[in-house]
S.K.: 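To start, I am sharing the structure in question, which I have written as structure tokens.
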Amino acid sequence: MRAPVTATAVTLAAGALLTAAMTTASASPPSPSPAPAPSRTSTTGSTATTGSTATTGSAAAGGGTASGAAATGSAADRLHGPHTVLVDCFWQRDIEPSDFILACGDGNSRLTGLRWTQWGRHTAVAEGVNVVNDCDPYCAAGTFHGYRVTVRLDRPEPWKKDPAVKHFTRMSLTYTDAWPEGFRQVMTFPLWD
């Protein structure tokens with residue numbers, strides 16, 4: 001009796017994984033083709049990678065950029081130093097990411113093409129595009145639309161995963177032209193810890 005129950009459980013688990021993979025693949029936005037970015041740096045733990053692109057956890061996590069005055073020292077030093085970080089869906093810390101997923105569960109809202117004009121201990125500001133799925137008639141068949149946005153991060157607090165590191169706990173999006181249905185021109189979200 002135990003073998004049929006185990007086989008059924010394995011079959012159900014495989015089916016659930018396949019369904020999740022197909023839903024995610026069909027709900028992913030088209031890859032944007034922004035202007036070439038400056039050299040980007042992304043880190044995972046204590047390993048730093050520099051190049052045109054780098055990912056953490058999965059391609060959807062996005063890489064990070066190092067530019068301007070914030071580019072002093074190695075990326076690992078910057079992530080473990082006195083800088084305030086942004087924590088992503090995979091609980092990885094990042095500084096000046098070029099992309100950031102807002103809807104971690106399904107990827108139906110993300111920030112792309114972020115160009116950081118400020119990254120400090122208390123605030124960070126960027127310009128970019130919020131790509132949002134209209135989920136019409138349902139999310140897997142929906143269409144992604146891009147909306148120009150100014151991103152502001154603030155309210156730094158110690159990170160629960162590593163209290164020696166401060167991370168931003170609030171994000172405000174200010175839409176410059178149009179915004180998604182059901183949104184306001186300024187949307188403010190708490191960020192995960």
Side-chain angles (χ1 to χ4, degrees), residues 20 23-24 27-29 32 40-45 54-67 70 75 78-135 138-139 142 144-193:
T23 301
T24 301
S28 297
R40 296 169 20 156
T41 305
S42 179
T43 65
T44 305
T55 58
T56 302
S58 81
T65 64
S67 62
R78 291 185 335 119
L79 286 174
H80 298 286
H83 298 279
T84 304
V85 301
L86 180 60
V87 177
D88 68 17
C89 292
F90 303 102
W91 291 278
Q92 299 296 315
R93 53 184 131 195
D94 208 346
I95 294 176
E96 298 183 16
S98 60
D99 301 299
F100 188 79
I101 297 175
L102 295 172
C104 292
D106 56 18
N108 281 325
S109 179
R110 66 183 69 194
L111 299 171
T112 64
L114 295 174
R115 304 280 183 226
W116 296 93
T117 57
Q118 175 187 353
W119 192 282
R121 289 185 183 153
H122 303 288
T123 60
V125 178
E127 301 288 326
V129 176
N130 183 200
V131 181
V132 180
N133 188 348
D134 63 15
C135 292
Y138 51 92
C139 292
F144 283 86
H145 303 277
Y147 302 92
R148 304 252 352 121
V149 68
T150 299
V151 179
R152 179 180 172 87
L153 306 175
D154 61 9
R155 294 196 179 165
E157 292 182 10
W159 186 23
K160 287 182 183 176
K161 182 177 174 182
D162 183 353
V165 173
K166 286 204 171 196
H167 74 105
F168 293 111
T169 62
R170 184 172 72 169
M171 176 183 288
S172 297
L173 303 178
T174 303
Y175 294 92
T176 56
D177 300 319
W179 47 88
E181 186 177 335
F183 284 42
R184 297 179 309 275
Q185 185 174 12
V186 178
M187 298 292 293
T188 303
F189 307 97
L191 294 171
W192 40 89
D193 196 11

S.K.: Roughly how far apart are Cys139 SG and Asp106 CG, rounded to 0.5 Å?
M.R.: 6.0 Å
S.K.: Not counting sequence neighbours, which residues clear ring pair (Phe, Tyr, Trp, His ring centres under 6.0 Å) with Tyr147? List them please.
M.R.: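 So Tyr147 forms no ring pair (Phe, Tyr, Trp, His ring centres under 6.0 Å) with any residue.
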S.K.: With side chains defined as the heavy atoms from C-beta onward, is the minimum distance between Thr150 and Thr176 less than 4.5 Å?
M.R.: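 Yes, their side chains come closer than 4.5 Å.
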S.K.: To check you understand the geometry: which heavy-atom pair defines the closest contact between Asn108 and Phe144, and what is its length?
M.R.: OD1-CZ, 3.6 Å
S.K.: For residues 178-189, which residue pairs pass the salt bridge (charged side-chain N to carboxylate O under 4.0 Å, His left out) check, not counting sequence neighbours?
M.R.: none
S.K.: Quick one: does Arg93's side chain get under 4.5 Å of Asp162's, heavy atoms only?
M.R.: yes
S.K.: Is Trp192 atom CH2 crowded by more than 12 heavy atoms from other residues, nucleotides or ligands, each under 6.0 Å away?
M.R.: yes
S.K.: Decide whether Thr123 and Gln118 meet the rule of one side-chain donor and one side-chain acceptor closer than 3.5 Å.
M.R.: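 Checked: Thr123/Gln118 side chains pair up, N/O donor to acceptor below 3.5 Å.
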S.K.: Roughly how far apart are Thr174 OG1 and Arg148 CZ, rounded to 0.5 Å?
M.R.: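 Answer for the OG1-CZ pair, Thr174 versus Arg148, is 13.0 Å.
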S.K.: I need the Asp99 CG to Leu114 CG distance, nearest 0.5 Å.
M.R.: 6.5 Å
S.K.: Please identify which of these residues, Asp193, Thr84, Asp94, meets the side chain to side chain donor-acceptor pair (under 3.5 Å) condition with His167.
M.R.: Asp193
S.K.: Mind checking the CE-CG spacing from Met187 to Leu173? Nearest 0.5 Å is all I need.
M.R.: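 Going from the CE atom of Met187 to the CG atom of Leu173 covers 8.0 Å.
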S.K.: Applying side-chain contact (heavy atoms from CB on, under 4.5 Å) to Val125 and Arg152, what does each step give before you reach the verdict?
M.R.: CA-CA 5 Å; Val125 178; Arg152 179 180 172 87; 4.2 Å; yes
S.K.: Taking the side chain as everything from C-beta on, heavy atoms only, tell me whether Leu153 gets closer than 4.5 Å to Met171.
M.R.: yes
S.K.: Could you tell me whether a side-chain N or O of Trp116 sits under 3.5 Å from a main-chain N or O of Pro97, the two making a donor and an acceptor?
M.R.: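 Yes; judged by distance alone, with no hydrogens or angles, the pair exists.
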S.K.: If every non-hydrogen atom of Phe100 is compared with every non-hydrogen atom of Asp88, which pair is closest and at what distance?
M.R.: CE1-CA, 3.7 Å
S.K.: For the atom pair CD (Gln92) and NZ (Lys161), what is the distance rounded to the nearest 0.5 Å?
M.R.: 5.0 Å
S.K.: To the nearest 0.5 Å, what is the distance between CD1 on Ile95 and NE2 on His83?
M.R.: 5.5 Å
S.K.: How far apart are the closest heavy atoms of Ser172 and Thr188, and which atoms are they?
M.R.: OG-OG1, 3.3 Å
S.K.: How about Ser109 and Asn130: does a side-chain donor come under 3.5 Å of a side-chain acceptor?
M.R.: yes
S.K.: Where is the tightest heavy-atom contact between Pro163 and Pro158, given as atom of each residue plus distance?
M.R.: O-CB, 3.5 Å
S.K.: Would you say that Leu191 contacts Leu86 through its side chain, given a criterion of any heavy-atom pair below 4.5 Å between the two side chains?
M.R.: yes
